[in-house]
Amino acid sequence: MQPIKWLVDFIDVRLGVKDLFTRELQGYLLPRNVNVWYTLGAVLMALFSLQILTGILLLMFYVPDSEKAFASVQYIVNDVPYGWLFRMLHAIGANVIVIALLMHMLSVLFMGSYKGRREFTWLTGFIIFNLTMGLCLTGYLLPWSQLSFWATTVATDAAGAIPVVGDYLVEFLRGGSTVGNQTLGRFFALHVVGMPLVLLGLIGVHLFCVKRRGISSPPFGTGYRISEELPFFEHEKHPGGIPFFPNYFVKDAAVICFFLAFMLAIIFYAPGMFFPEAAFQPADPFLTPPHIKPEWYFLWAYQTLKIFPSEIIGLGVQGAFMTFLALLPFIDRGPERRPAKRPLFVTCYVLGILLFVAISIWGHYS
Amino acid sequence: MIRSLCCMFVLVIAACWSVPATLLAADDTVCIQCHGGLDGRLAAPVAEWRTSIHAANSISCHDCHGGDPTDFAMAMSPERGFIGVPEYTEVPDFCGRCHVGVAAEYKAGAHGKAIEKGGAQCVVCHGNHSVQRASLSLINEESCSRCHPYERAALIKLSLVETDTIVKGVEQDIDRLYRLGFAVDEMKGSLFNQRNRFHSIFHEVDVERVRQETAGVQSELGKISKQVAAIDSTLGERKLWGSVVIGLFILVGVIFLLVRKAYEEEEKG
Amino acid sequence: MSTQVPPPQRRKFLFTMLGGLGALLGAASAWPVFRFLSPVDTGGGSSQVVLPRSEVVAGKAHFFQYRGKPAVALQPSPGNFVALSAVCTHLGCVVAWQEQAGEFQCPCHGGRFSAEGKVLGGPPPKPLETLGVVLDGDQLKIG
């Protein structure tokens, strides 16, 4: 332990890291009734880090040119040692991130954690959610398979329903009138650098908001108190609470391990789960494969557009719903956070989940 | 013989690419538009063709009959290459423009040599417009005994059945690997060649020849199967190590939970 | 079960186990990354290179790839064929053939080699590596 202790002391005397550690990690107290849903933040950070790591590795061999992209992915998967593993980690990881994001959002909604002057946390989180969807969409095009090409064509087409600027917007998104090499170029730049930089920044702001305001307590149990809205800033403390490090950190670590095990189980036992046949055919701009569909997390949007007779109404409905969700903390102003005392909210919540699932399933079979 | 197979393979592909405007969908020709709206005998080919393997591969009327699929006035003009309906004895050459190897084998065999006397040609067994993917079921008592006793055909079929089963098996294996992301183009090509070789040799309808060639085809198929087995063994290895790592992660997760439990007890006091 | 071993001791044991398993998982994760990043040996293949005699003209040097690295074949005097590694023994640049002077010159630091690869001047410490060459009819077999 001597060399480690010496190193820590060396840094501490210069940067005061021990004090930081004591205050921010050991001294960071969490409410006693903190539950497992609070681990999802750490899970998401671990998963995003994995995406960046696997993404960098893939970048070493991937070629963002429509003539070479598909072949470069084939090369990675077939010829580069363990290339298949990193490709699968990246692709399956994207899907697991969306699952974890939805779980995180649902738990925040259920526990009303967006209340109590946490609007900025919610807003940054909402933008992060949208950015993640953007990352999924741009990443989807990169392998340049039939699935990539046509899913992107369908997704970018949707923007055409916007009145006046719609058609121009579609061309702007694609970099041309149809999906092609120029689309690949801009999607690649956005996916690899543009969006990740913004994402990292936003995650930083999101975490800052969480820590600055103080972590919320789950609105369950005898300790629940309605928070008073005092006319000045208040950092929510939890005296007598659980130290984050190491007490709660080990729970974060456990759930991260289980999520990774889940991802690996999909990779080794159900590798075809997120890869329909069209994912293995190189893009053919003249041949639309039958039954082309977006990925499961976009099925709700896809089916909503199909339900409404006019595309603009379909887009409008989705836009309205997303806007409502984004502004939720400004709409739902009541201080009550206990689900049992928010019957209207819980009803909408459950109906919303059921509707999402039902429309997605419908979208899958339609 | 390999050369004629390669020629046939190339010509089939070349014929597909000889469609003047590649953007023209097979179903979108003036031929279909006109004949589809007629009655009786003149309309029948359209519906039949739609069920065929040719239609599934975007091979349309003009690919066989010539003519211009984009111009109503010149659609059936010899100037644009229109051939029209071939005579009974012209059929092998008609189909043989793409299926070169098979046509050559056929002409060298008993059926080909008997064509002037009414010997079976392509359409007799395969049909014309509703032609399906070739399979062994085309060799059956009902079809063959139209002209002669079935015994020899039965012998040939017996020889072919075993190989056909192997071909189907290899096809399924390759498809399975394709869906897992493996680069199977070379194996697919090899299988395609062997399958065509296998189907062509039948057309000479010579029992001894079929028996000999079958051995050759099966040996080549064996090579493909070996490659498939090697890939499968790699997959098995990956699964094994993957399971070990998954187990490790679950174990580590559980231990973290046990640690958490220890902390919880301390927290309670 | 919870009252048998006091929590701190249990934790210590569990942390030790975690350390061990963590190291295992760490190795299991690092190995694929290492293999992914390691260069694949493509320079191998067939180690013999066959050149038609007509490509190696007297007085001129013919550059080619031998086992993934630059090499050169030349005919210093009629009928006498030489094959050498074209990698300068100083710091690894590829040498250039100077037809007028009848010698190799390295563009990086001015090293000079004779047509047989001997060092004639400059910083190179060793002669150019010789590659075995056999004349078989009108083909040159190198390696």
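Chain naming here is simple, since letters A, B, ... match the order of the sequence lines and numbering starts at 1 in each.
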Query raised in the report: For N128(B), which residues count as a side chain to side chain donor-acceptor pair (under 3.5 Å) partner, sequence neighbours excluded?
Result: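 With sequence neighbours excluded, N128(B) shows a side chain to side chain donor-acceptor pair (under 3.5 Å) to no residue whatsoever.
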
**Report entry** D252(A): side chain to side chain donor-acceptor pair (under 3.5 Å) partners, not counting sequence neighbours
**Finding:**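 Partners of D252(A) by the side chain to side chain donor-acceptor pair (under 3.5 Å) criterion come out as none, since no residue qualifies.
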
Query raised in the report: On the ring face of Y178(B), is K188(B) found with NZ or CZ under 6.0 Å from the centre and within 45° of the axis?
Result: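 Because its charged atom sits under 6.0 Å from the ring centre and within 45° of the axis, K188(B) does stack over Y178(B).
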
Query raised in the report: Which of residues 263-272 of chain A get closer than 4.5 angstrom to chain B, counting heavy atoms alone?
Result: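 Within residues 263-272 of chain A, near chain B: L264(A), A265(A), F268(A), Y269(A), P271(A).
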
Report task. Enumerate by number any residue of residues 65-80 of chain A whose heavy atoms lie under 4.5 Å from heavy atoms of chain B; in the absence of such residues, state 'none'. Result ->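 Only Q74(A), V77(A), N78(A) of residues 65-80 of chain A have a heavy atom under 4.5 Å from chain B.
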
Max heavy-atom pair count under 4.5 Å with chain B, selected residue of [options]:
options	result
A279(A), A261(A), G240(A)	A261(A)
W84(A), Y248(A), F249(A)	W84(A)
L287(A), L260(A), V255(A)	L260(A)
L85(A), N247(A), I256(A), I242(A)	N247(A)

Query - CG-CZ distance between L40(A) and F259(A), expressed to the nearest 0.5 angstrom - result: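 Nearest 0.5 Å value for the CG-CZ distance: 5.5 Å.
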
Query raised in the report: Which atom names give the shortest non-hydrogen contact between P69(B) and C31(B), and what distance separates them?
Result: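 That closest heavy-atom pairing would be CA-SG, 4.3 Å.
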
Query - SB check K168(B) E171(B) (cutoff 4.0 Å) - result: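 No salt bridge links K168(B) with E171(B).
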
Query raised in the report: Hey, does H104(A) have a side-chain heavy atom less than 4.5 Å from the side chain of W37(A)?
Result: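 Heavy-atom side-chain distance check fails, nothing below 4.5 Å.
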
Query - F245(A) and F21(A) aromatic centres sub-6.0 Å - result: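 For F245(A) and F21(A), the ring centres are under 6.0 Å apart.
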
Query - Which portion of F280(A) sits near chain B, non-hydrogen atoms under 4.5 angstrom - result: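 Both backbone and side chain.
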
